[in-house]
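Whatever order the structure lists them in is the order used to number ligands and atoms, beginning at 1.
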Amino acid sequence: MTAWPVHPDGTRLPGVAYGGDYNPEQWPREVWDEDVRLMREAGVTVATVGVFSWALLEPAEGHFELDWLADVLDLLHANGIAVDLATGTASPPPWLSHHYPETLPRQADGTVLWPGGRQAWCPSSPVYRERSLALVSALAERFHGHPALVMWHVSNELGGHNSRCYCDVTAQAFRGWLRQRYGDLDVLNEAWGTAFWSQRYGDWDHVLPPRSAPTFPNPTQQLDFARFGSDALLECFVAERDLLHRISPGVPVTTNFMIMSHVRDMDYLRWGPELDVVSQDHYLEAHDPDAHVELAWSADLTRGTADGRPWFLMEHSTSAVNWQPRNVPKAPGQLARNSLAHVARGSDAVCFFQWRASRAGAEKFHSALLPHGGTDTRVWREVVELGRTLRAIGEVAGTTVRGDVAVVVDWDARWAAELDSHPTQDLTYLDRHHALYRALWDAGVTVDMVRPDDDLDGYRLVLVPTLYLTTDAAATNLAGYVEAGGTALVTYWSGIVDGHDHVRLGGYPGAFRELLGITTEEFFPLREGQEVRLSGGVLDGTTADVWTELLHATSAEVVSSYDDGPLAGVPALTRRRVGDGTAWYLATRTDPAGTTALVRQLCADVGIATHDLPGVEVVRRSGETASYLFVLNHTDAAVEVPVRGTDLVTDRACPGTVKVAAGGVAVVREEGH
Ligand code: GAL
């Protein structure tokens with residue numbers, strides 16, 4: 001299978017690809033000539049075309065009009081710009097739901113989501129799937145041999161607005177999925193714990209999606225519906241991909257992920273292996289002054305879904321977006337910093353939504369490479385400058401990133417951890433992920449995100465935050481890693497339930513009790529705003545909130561304990577030596593000082609170097625013959641970082657350090673590394 005966007009003649013898209021979504025159908029023909037001229041000026045190498053073009057490509061059912069798209073592809077090709085061709089299936093034309101109203105999605109309370117926005121389709125609808133595949137087929141037949149084509153782009157952000165549908169068509173598909181999973185209704189009854197609240201099913205037809213109910217719907221039903229919903233969208237991708245592989249062999253197929261903290265409905269760690277190239281969209285949260293740390297987290301998780309291979313940044317923004325409550329533009333220099341942060345963490349592309357800012361429609365106030373104000377604008381100047389920088393660092397493409405620390409991520413655990421009727425509503429799955437990640441980011445330590453049953457060998461440190469749902473395989477994997485000499489930290493609300501969301505009995509956390517040498521008899525979540533003080537060991541003098549637990553160290557040593565609160569004197573942090581390995585357990589939600597102290601201690605214990613350069617991001621990409629140190633200065637003062645080599649951005653020698661201006665970037669090809 002092809003692993004990276006390639007021309008049909010077999011050549012790889014060179015360097016770091018640069019470009020974005022191009023929607024020429026919104027503009028008169030004469031504007032297209034200006035578009036390609038300016039694309040060349042900016043150094044654009046790839047355009048994503050046709051993302052929302054279904055209504056123009058198939059104006060009436062079965063009637064295709066593809067000539068205008070052929071003109072666009074020809075024009076781009078004549079100007080040396082490669083095409084990532086979208087299948088256009090993200091947003092059906094109005095005729096689809098007019099003729100087939102059953103394709104419209106419904107919310108849990110039965111509300112229909114009508115057309116008029118985008119993505120108004122039920123992911124399980126056989127009619128939608130049939131009509132979308134007819135379009136894909138027509139496009140692939142027409143364009144599979146086009147010399148501009150380097151990649152197929154299935155749909156767009158699958159599940160962005162329609163990830164969960166609760167309609168009758170979905171109900172039937174959900175039953176089919178459950179039959180495959182459980183085979184027998186008794187097995188489903190057991191898995192869902194339906195002896196509780198008189199929920200036992202005697203007939204498959206009585207099983208429904210977890211629609212709005214008088215009180216908490218069955219948790220395992222909710223969990224299975226989350227799994228099913230993600231699988232249903234993945235099936236849409238796979239159906240298009242298989243068709244494209246058949247009609248357009250050799251051209252890689254992608255679909256753009258949305259790995260951002262607020263998106264939780266798609267299990268991208270499961271999707272990743274199905275894509276020829278993993279591509280990803282990322283938008284900063286304008287309210288977060290440290291949004292670049294969330295960006296780094298997202299980029300590392302994207303690399304995790306790609307199993308470490310280079311990935312493709314399909315979308316981000318040159319400046320403000322239009323869909324947040326307050327859409328703050330990027331500061332000067334931030335466009336380059338954000339772009340290079342993605343590249344530093346494994347992207348071989350820097351693409352944007354979108355090429356030219358729209359005049360009409362819901363996204364007319366979204367930034368673009370070419371703003372409403374044209375080329376005499378600061379955004380355009382930064383866009384041209386970025387094109388130059390990406391050409392200068394082109395040789396980094398194809399190199400990879402390897403983290404020192406592995407963080408275990410699992411979407412089943414996320415879905416299950418955040419179900420209702422839990423000990424506290426203040427606990428969210430990503431909370432400890434972000435806290436630990438932040439401490440590592442500050443320390444300049446690069447993280448790989450791994451699945452619970454991935455090979456952990458070779459990592460000096462493994463962090464396991466909030467793995468509430470833990471399979472036997474995951475528990476065995478972690479125990480094996482520690483027994484073989486590894487160091488692991490498990491945080492609270494991990495190892496509590498099995499894959500069906502059934503409690504592991506005999507003392508919490510059932511999956512890790514033995515490995516950690518502890519047992520917890522009762523959870524003691526704290527009241528809103530309540531804090532407890534910690535003493536002893538690395539957490540001495542710090543505070544914690546949200547979560548505590550009545551924990552006994554059975555074979556672990558106690559490192560830190562609560563000083564006050566409901567559990568004064570009870571262990572909060574423990575450590576158990578297992579041969580050459582060490583298993584730590586953190587039972588409470590430490591404040592940033594505590595989390596930082598703990599993370600730095602763990603790094604020191606296992607010999608991982610840390611730095612003290614607040615706000616400076618340092619990441620290495622390595623290839624067979626060279627390595628590259630990315631230095632991104634997010635502060636407003638110049639910094640100096642030790643490194644020997646040549647800064648590709650400025651083409652200056654770095655005889656022992658590189659000096660990076662306030663807000664600036666450097667990419668140093670290292671000597672002797
Ligand atoms: C993405 C989407 C684009 C555009 C962009 C705006 O989610 O794929 O089509 O809507 O957001 O930020």
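- Under a cut-off of 6.0 angstrom, the local environment of CH2 in Trp27 is crowded, with over 12 non-hydrogen atoms contributed by other residues, nucleotides or ligands.
- Between Asn23 and Gln354, the side chains place a donor N or O and an acceptor N or O closer than 3.5 Å (distance only, hydrogens not considered).
- The two residues Phe353 and Glu315 make their nearest non-hydrogen contact at CB-OE1, 3.6 Å.
- Ligand 1 is surrounded by Phe52, Arg118, Asn156, Glu157, Asp281, Tyr283, Glu315, Trp323, Phe353, Glu363, His366, each with at least one heavy atom closer than 4.0 Å.
- Below 30°, between 30° and 60°, or above 60°: for Phe174 and Phe228 the angle between ring planes is between 30° and 60°, a tilted geometry.
- Residues meeting the salt bridge (Lys or Arg N to Asp or Glu O under 4.0 Å) test with Asp307, sequence neighbours left out: Arg451.
- With Ser53 contributing its side chain and Leu56 its backbone, the two residues share no donor-acceptor pair below 3.5 Å.
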